[in-house]
Q: 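Sharing a structure with you now.
Per chain, numbering begins at 1; letters A, B, ... match sequence-line order.
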There are 2 protein chains.
Amino acid sequence: MEYAGRGDPARTMALLWDGLPAPRRGPRQRLELSRVVDAAIAQADRAGPAALSMRALAQELGVGTASLYTYVPGKAELLELMVERVAGTLPPPDASRGWRAGLREVAAGDLAAYRAHPWLLQVSTSRTVFGPNVLARYEATLALLDGHGLAPAHIVGCVAAVESYTRGAASAVVEAERAPDATGSSDEEWWEGRVPFLEERMDGRYPLFAALEEAGAFAVSDTALPYTVQRALDRFDFGLDLVLDAVAARMTS
Amino acid sequence: MEYAGRGDPARTMALLWDGLPAPRRGPRQRLELSRVVDAAIAQADRAGPAALSMRALAQELGVGTASLYTYVPGKAELLELMVERVAGTLPPPDASRGWRAGLREVAAGDLAAYRAHPWLLQVSTSRTVFGPNVLARYEATLALLDGHGLAPAHIVGCVAAVESYTRGAASAVVEAERAPDATGSSDEEWWEGRVPFLEERMDGRYPLFAALEEAGAFAVSDTALPYTVQRALDRFDFGLDLVLDAVAARMTS
DNA sequence: TGAAAACATCGTACGGTGTTCGGAGTATTT
DNA sequence: AAATACTCCGAACACCGTACGATGTTTTCA
């Protein structure tokens with residue numbers, strides 16, 4: 001897990017809100033901060049979350065490794081800038097079609113962002129990135145639930161629940177998506193490599209999901225396993241409806 | 001994200017179910033596999049998820065680094081063994097007090113495991129660790145929802161939703177818990193370092209959460225920010241109730 | 001106009017990572 | 001006694017983030 005919020009707050013907040021001040025003396029900077037951030041996002045998207053390296057980033061930008069540190073205090077701050085930039089690309093929630101459609105849009109946007117930028121899942125949420133885009137999105141999301149009889153603390157709780165669910169379920173989607181590349185074996189290869197051993201072990205000692213199979217002609221390998229991307233996406237929607245139903249119930253009661 | 005399921009399936013499944021066969025020739029092994037796994041868990045718990053290093057592990061066990069590779073094919077397989085072992089320490093869900101209490105126990109157990117072993121959050125769930133303990137727990141969880149009129153696919157979906165929510169919300173708890181150590185600043189320091197800049201920025205251009213504050217005397221810093229451990233725990237319970245309510249609604253409808 | 005100050009650039013080095021290789025030593029089998 | 005199969009492990013490889021200090025460039029001011 002990468003943690004944001006490690007460096008000097010003043011410097012970080014200034015970078016987030018104002019960008020990098022032009023040097024008053026000395027040679028001009030050969031890069032722009034936004035180019036650094038964009039290249040970092042592109043590289044992290046392509047190479048996987050852990051594979052963003054200052055060396056490779058510098059090489060792609062045609063610059064020495066150490067030069068990056070004149071733009072950004074360190075990798076943690078660079079990550080904050082990346083988060084803030086991605087937040088700016090997400091469509092703001094639209095309250096005009098009701099809170100439920102709005103919340104669904106927020107979750108869909110988050111899922112899309114997680115899929116496009118899996119490294120987002122590695123950035124801690126407990127030390128919020130206080131950039132303008134991030135804050136605006138959070139504020140607009142809270143506003144969706146305003147005026148429906150929910151206490152403020154419950155508004156925050158419901159939004160947090162949706163966000164937690166989204167993050168967990170998006171994790172499953174992204175992991176399923178990345179697994180073939182990350183492990184070097186497709187879903188089928190992985191599954192078929194393990195089935196014979198599972199069947200061997202199940203024989204007598206571990207009747208896998210026996211209770212359920214008896215109850216309802218429940219074929220494990222058809223419904224529960226293996227985890228594929230499509231299955232993870234279906235579950236995302238199913239669970240999101242579940243959570244939104246629960247929010248609706250909190251309003252009326 | 002660390003991915004399980006990378007190595008030779010036969011070898012991995014054998015390790016998970018049978019452990020390490022004693023060498024038929026040559027010198028006796030100076031360690032036992034379970035000792036290696038336990039030490040790895042202890043070290044990962046102590047030093048943080050990313051800080052489990054084969055070198056340090058070997059040193060703690062009083063063994064050369066390369067020797068570890070005679071016990072375990074690599075770090076990925078070691079992680080699988082760690083997951084399986086932790087799964088064995090969790091209390092199995094108890095169906096006797098109803099599905100809701102059972103599911104709540106599962107979530108509470110998962111949360112406890114995530115807090116005690118934060119590295120669990122870094123292990124991908126899409127390539128399930130097919131060990132006896134992991135499978136037994138999953139099976140027992142599914143069984144909780146059996147016989148309440150839910151279609152098999154919906155049972156799987158509900159369990160997946162609870163697990164996704166639990167993972168996401170537990171992430172928030174663990175991140176909040178680890179943040180002070182990981183960043184070197186307490187929640188208060190972090191928050192107070194940023195407040196002045198937020199107030200400066202809010203002045204006019206960004207009325208932070210203005211809509212909500214008008215609506216209900218909603219003090220942002222009291223209810224929504226900063227994220228502390230206690231707040232994350234409260235939210236965990238609130239959201240879990242939300243999700244369980246939704247599961248209950250699916251049963252009756 | 002010349003010197004000083006402020007700045008960007010970047011080669012190098014430090015201490016860390018997971019894993020591989022090959023040699024040395026040891027216990028069992030033939 | 002010899003062959004075999006195994007454990008053990010020092011050293012090396014190719015990486016990582018980042019601190020340091022030398023060098024060169026631009027602006028400012030006396």
Q: The criterion is side chain to side chain contact (heavy atoms under 4.5 Å, CB included); which residues satisfy it with B/Ala56, sequence neighbours excluded?
A: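 Scan of B/Ala56 (side chain to side chain contact (heavy atoms under 4.5 Å, CB included), adjacent residues dropped) gives B/Gln43, B/Ser53.
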Q: Find the distance B/Leu57:CG to C/dT17:P and express it as a whole number of Å.
A: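 Computing the B/Leu57:CG to C/dT17:P distance gives 11 Å.
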Q: Just the rounded figure in Å: distance from C1' of D/dC9 to CE of B/Met54.
A: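 So the two atoms are 14 Å apart, to the nearest Å.
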Q: Using the side chain to side chain contact (heavy atoms under 4.5 Å, CB included) criterion, which residues pair with A/Ala66? Sequence neighbours excluded.
A: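 A/Ala66 satisfies side chain to side chain contact (heavy atoms under 4.5 Å, CB included) with no residue once adjacent residues are dropped.
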Q: In terms of side-chain geometry, is the basic nitrogen of B/Glu105 or B/Arg137 positioned less than 4.0 Å from the acidic oxygen of its partner?
A: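 Not counted as a salt bridge, because no side-chain N and carboxylate O are separated by less than 4.0 Å.
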Q: Rounded to the nearest Å, what distance is computed from the CG atom of residue A/Leu52 to the P atom of nucleotide D/dT18?
A: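 Whole-Å distance recorded here is 10 Å.
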Q: Specify the separation, in whole Å, of atom CZ of B/Arg55 and atom C1' of D/dC8.
A: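 To the nearest whole Å, that distance equals 16 Å.
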Q: For nucleotides 5-11 of chain C, just jot down a letter per nucleotide in 5' to 3' order: B, S or -, based on protein non-hydrogen atoms under 4.0 Å.
A: BBBSBBB
Q: Rounded to whole angstroms, how far apart are CG on B/Leu61 and C1' on D/dT7?
A: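 Checked: the CG to C1' distance equals 15 Å.
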Q: Can you name the side chain to side chain contact (heavy atoms under 4.5 Å, CB included) partners of B/Arg46, sequence neighbours left out?
A: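 Side chain to side chain contact (heavy atoms under 4.5 Å, CB included) check on B/Arg46 returns B/Ala42, B/Glu60.
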Q: Between B/Tyr69 (OH) and C/dG22 (C1'), how many Å, whole number?
A: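 Going from B/Tyr69 (OH) to C/dG22 (C1'), I get 17 Å.
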Q: Sequence neighbours excluded, which residues qualify as side-chain hydrogen bond (donor to acceptor under 3.5 Å, both in side chains) partners of B/Ser34?
A: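 Listed in chain order: nothing, the list is empty.
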Q: Output all residues satisfying side chain to side chain contact (heavy atoms under 4.5 Å, CB included) with A/Thr166, sequence neighbours left out; order by chain, then residue number.
A: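 With neighbours one apart ignored, the set is A/Ala107, A/Asp110, A/Tyr114, A/Val162, A/Phe236.
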Q: For B/Leu79 and C/dG18, what is the distance between atoms CG and P respectively, to the nearest whole Å?
A: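 Value for this atom pair: 11 Å.
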Q: When the distance from NZ of A/Lys75 to C1' of C/dT17 is rounded to whole Å, what number comes out?
A: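 So the two atoms are 13 Å apart, to the nearest Å.
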